[in-house]
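Small disclaimer: the values here were computed from a predicted structure and weren't measured. All residue numbers in this chain count up from 1 along the given sequence.
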Amino acid sequence: MKRIIRDNYLNKIISKKENGLIKIITGIRRCGKSFLLDPIYKEYLLGLGIKENHIIKIDLDERKNRKLLNPDALDEYVRNLIVDKDIYYLLLDEVQKVEDFESVLNGFLHINNLDIYVTGSNSKFLSSDIVTEFRGRGDEIRVYPLSFSEFTSTSEDNIEEAFEQYITYGGMPRILACNSESEKTQYLKQLLEKTYIADIVERNQVKRVDILDSIINILASSIGSLTNPNKLLNTFISNGVKDISINTISSYVKYLEDAFLIQKAERYDIKGKKYIQTPYKFYFTDIGIRNSRLNFRQQEETHIMENIIYNELLYRGYNVDVGVVSIRELDVRKQIEIDFVCNQFSKRYYIQSTLSLPTREKTIQEERPLLKVNDNFKKIIITKDTKKHWVNEEGITVIGIIEFLLNKNSLDL
């Protein structure tokens with residue numbers, strides 16, 4: 001199998017090279033963080049002429065490095081390798097295995113000629129830890145499962161076949177090495193149960209694993225639907241589960257977020273220019289993980305496509321919200337939604353996702369929320385069956401999902 005091209009992340013790391021901060025590579029387990037540091041980034045450094053003995057690469061999950069899990073031993077080992085004033089590059093993989101790793105890393109920051117890069121992804125190294133322990137001293141680079149363009153960089157299928165594989169089995173890199181549908185299915189199921197859920201239970205000492213499992217099932221069945229802890233609690237109560245509190249549900253949902261398994265999309269009142277605290281929507285970081293949880297039964301293309309668009313926008317570095325527009329009809333005030341409002345610096349796009357636009361009525365339905373926004377930012381409808389983008393009489397760009405995913409400049413067409 002050809003190497004997966006991940007230049008998006010490589011360029012981010014390069015831009016932060018020697019910036020005096022700890023470069024922290026985060027993301028859901030098995031999404032390719034370790035491979036990004038070595039061989040991808042290490043080969044880049046070697047290509048610049050950096051001497052190999054000035055690249056200190058330590059895989060802390062390897063048995064040969066077990067003694068380095070002691071913080072004092074790791075500190076001494078790294079310092080002894082720095083023997084001149086040239087820049088050294090420290091690549092630490094699975095740093096969370098080291099006891100009190102935070103203090104070790106912060107100590108390394110005082111070494112002027114040491115540039116530090118770390119990955120960590122298990123139950124002791126999650127997003128909330130990074131915010132707490134490295135505030136002002138760390139520079140986080142979030143890595144996601146493969147985007148569709150990365151997925152197709154090694155796939156031998158034609159684009160349409162590759163897309164069907166992608167919306168079914170998702171973008172975990174290991175999927176590309178699986179030789180059969182059953183192998184892909186088994187891999188995803190084991191990854192969710194034996195890795196992600198096991199980590200969450202261990203880290204947070206979860207006592208009601210049955211409730212955690214049920215929350216995952218509910219969220220998987222309702223991607224893109226409005227929810228909040230109250231709604232989840234009501235679902236449990238209606239199913240006869242009464243020995244559960246809203247605090248437990250809120251905590252369990254937060255555990256899933258911290259593990260990068262799901263991502264929250266908040267609602268934004270476009271005219272009022274403010275966030276609506278609740279309810280909100282959740283999307284899965286990898287659609288294959290979501291599908292495997294439901295045994296590939298609920299394959300609603302509309303919601304799957306929406307999830308994939310959301311993930312792609314995050315991959316491209318946008319801040320993404322669900323748009324809300326207030327309108328008045330027959331003296332009744334109501335709210336209508338725009339699937340995504342995405343911002344990046346001075347850019348903003350309003351995006352609707354739909355499988356197709358078979359009739360004028362359907363087109364009007366999708367255009368309506370977009371046309372209620374009175375600004376000049378670009379408005380886009382993404383469909384599955386559009387082959388080539390076009391601009392309709394209302395000035396709205398209509399683009400196919402595959403063209404959107406494969407062209408990094410698709411939002412500006």
Side-chain angles (χ1 to χ4, degrees), residues 1-19 22-48 50 55 57 59 61 89-95 115-121 125 127 130 138-157 159 162-163 165-167 169-178 184 187-188 191 195 260-261 263 284-289 308-318 320 344 402 404-411:
M1 186 179 79
K2 295 187 297 182
R3 177 180 294 185
I4 300 167
I5 298 172
R6 310 214 77 176
D7 288 348
N8 179 46
Y9 301 114
L10 175 60
N11 292 333
K12 286 181 179 180
I13 296 177
I14 292 170
S15 72
K16 300 175 187 298
K17 180 172 171 285
E18 299 173 28
N19 67 356
I22 302 168
K23 272 66 70 175
I24 306 167
I25 318 300
T26 68
I28 191 170
R29 292 190 71 181
R30 305 287 187 266
C31 71
K33 300 182 298 299
S34 301
F35 194 83
L36 182 61
L37 277 188
D38 183 13
I40 293 177
Y41 187 56
K42 182 177 180 180
E43 288 179 358
Y44 167 79
L45 293 174
L46 292 172
L48 292 178
I50 305 297
I55 303 173
K57 174 60 168 46
D59 296 309
D61 60 347
Y89 301 87
L90 176 63
L91 314 182
L92 288 177
D93 194 28
E94 300 295 346
V95 71
D115 196 21
I116 307 164
Y117 304 79
V118 303
T119 76
S121 55
F125 196 84
S127 57
I130 294 164
D139 205 340
E140 183 180 1
I141 299 169
R142 175 73 183 275
V143 177
Y144 295 91
L146 301 179
S147 69
F148 186 56
S149 60
E150 292 172 330
F151 184 86
T152 56
S153 69
T154 65
S155 173
E156 296 180 357
D157 295 330
I159 292 300
F163 182 71
Q165 287 289 307
Y166 187 70
I167 66 174
Y169 298 107
M172 301 307 290
R174 179 74 177 80
I175 284 293
L176 289 170
C178 295
K184 294 173 185 177
Y187 170 70
L188 291 172
L191 189 59
T195 301
F260 305 115
L261 191 60
Q263 300 163 109
F284 272 70
T285 299
D286 181 74
I287 200 66
I289 296 294
I308 286 172
I309 291 170
Y310 178 77
N311 289 346
E312 177 68 20
L313 292 170
L314 293 181
Y315 165 78
R316 295 185 187 185
Y318 291 99
V320 188
Q344 189 178 71
I402 290 178
F404 163 71
L405 293 172
L406 291 182
N407 184 346
K408 66 180 181 180
N409 299 312
S410 56
L411 297 183

Could you go through R316 and S410, starting from their C-alpha distance and side-chain angles, then the distance that decides it, and tell me whether this counts as side-chain contact (heavy atoms from CB on, under 4.5 Å)?
CA-CA 11 Å; R316 295 185 187 185; S410 56; 3.0 Å; yes
Decide side-chain contact (heavy atoms from CB on, under 4.5 Å) for L314 and T285; before the verdict, give the C-alpha distance in whole Å, the side-chain angles of both, and the deciding distance to 0.1 Å.
CA-CA 10 Å; L314 293 181; T285 299; over 6 Å; no
Show, in sequence, the C-alpha distance, side-chain angles and deciding distance for L405 and T152, and conclude whether the side-chain contact (heavy atoms from CB on, under 4.5 Å) test is met.
CA-CA 11 Å; L405 293 172; T152 56; over 6 Å; no
Take V95 and I24 through the test side-chain contact (heavy atoms from CB on, under 4.5 Å) and record every step on the way to the result.
CA-CA 10 Å; V95 71; I24 306 167; over 6 Å; no
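From R30, atom CZ reaches atom CZ of R174 across 10.5 Å, with rounding to the nearest 0.5 Å. Here CG of L90 is found 10.0 Å from OH of Y117. Values are rounded to the nearest 0.5 Å. Interatomic distance, Y169 OH to I175 CD1, rounded to the nearest 0.5 Å: 8.0 Å. Here the CG-CD1 distance, from L48 to I14, works out to 7.5 Å after rounding to the nearest 0.5 Å. One distance of note links CD1 of I141 with CD1 of I13; it measures 4.5 Å at 0.5 Å rounding. Interatomic distance, NZ of K408 versus CG of D7, reported as 9.0 Å (0.5 Å rounding).
R3 approaches T154 most closely through the heavy-atom pair O-CG2, 3.5 Å. Considering every non-hydrogen atom in both L37 and L91, the closest pair reads O-CD1, 3.9 Å. The minimum heavy-atom distance between E150 and S147, with the atom names listed, is OE1-N, 2.9 Å. Here the shortest heavy-atom pairing between I289 and D286 reads N-OD2, 3.0 Å. The nearest pair of heavy atoms linking I4 to P173 is CD1-CB, 4.0 Å. For the residue pair G170 and I287, the shortest heavy atom distance occurs at CA-CG2, 3.8 Å.
Counting heavy atoms from C-beta on, the side chains of N311 and Y144 never come closer than 4.5 Å. Taking 4.5 Å as the limit, every side-chain heavy atom of Y310 sits out of range of all side-chain heavy atoms of Y318. Contact annotation: the side chain of L10 approaches that of Y41 to within less than 4.5 Å [non-hydrogen atoms, C-beta and beyond].
Of the possible polar contacts, none joining the T119 side chain to the S34 backbone as a donor-acceptor pair under 3.5 Å is found. Formation of a donor-acceptor pair under 3.5 Å by the Q344 side chain with backbone atoms of G317 is found in this model. No donor-acceptor distance shorter than 3.5 angstrom exists from the side chain of K33 to the backbone of V143, with no hydrogens or angles considered. The main-chain N or O of D61 is never found under 3.5 Å from a side-chain atom of D59 such that the two would form a donor-acceptor pair. In this structure, the side chain of D115 does not engage the main chain of Y89 through any donor-acceptor pair within 3.5 Å.
Applying ring-ring contact (aromatic ring centres under 6.0 Å, His included) to F148 and the options Y315, Y166, F404 leaves one that passes, Y166. When each of K16, K17, K23 is tested with N19 by the rule side-chain hydrogen bond (donor to acceptor under 3.5 Å, both in side chains), just one qualifies, namely K23.
Under the salt bridge (charged side-chain N to carboxylate O under 4.0 Å, His left out) criterion, R142 pairs with no residue at all, not counting sequence neighbours.
The 12-atom threshold is exceeded at CG of L46, counting heavy atoms of other residues, nucleotides or ligands nearer than 6.0 Å.
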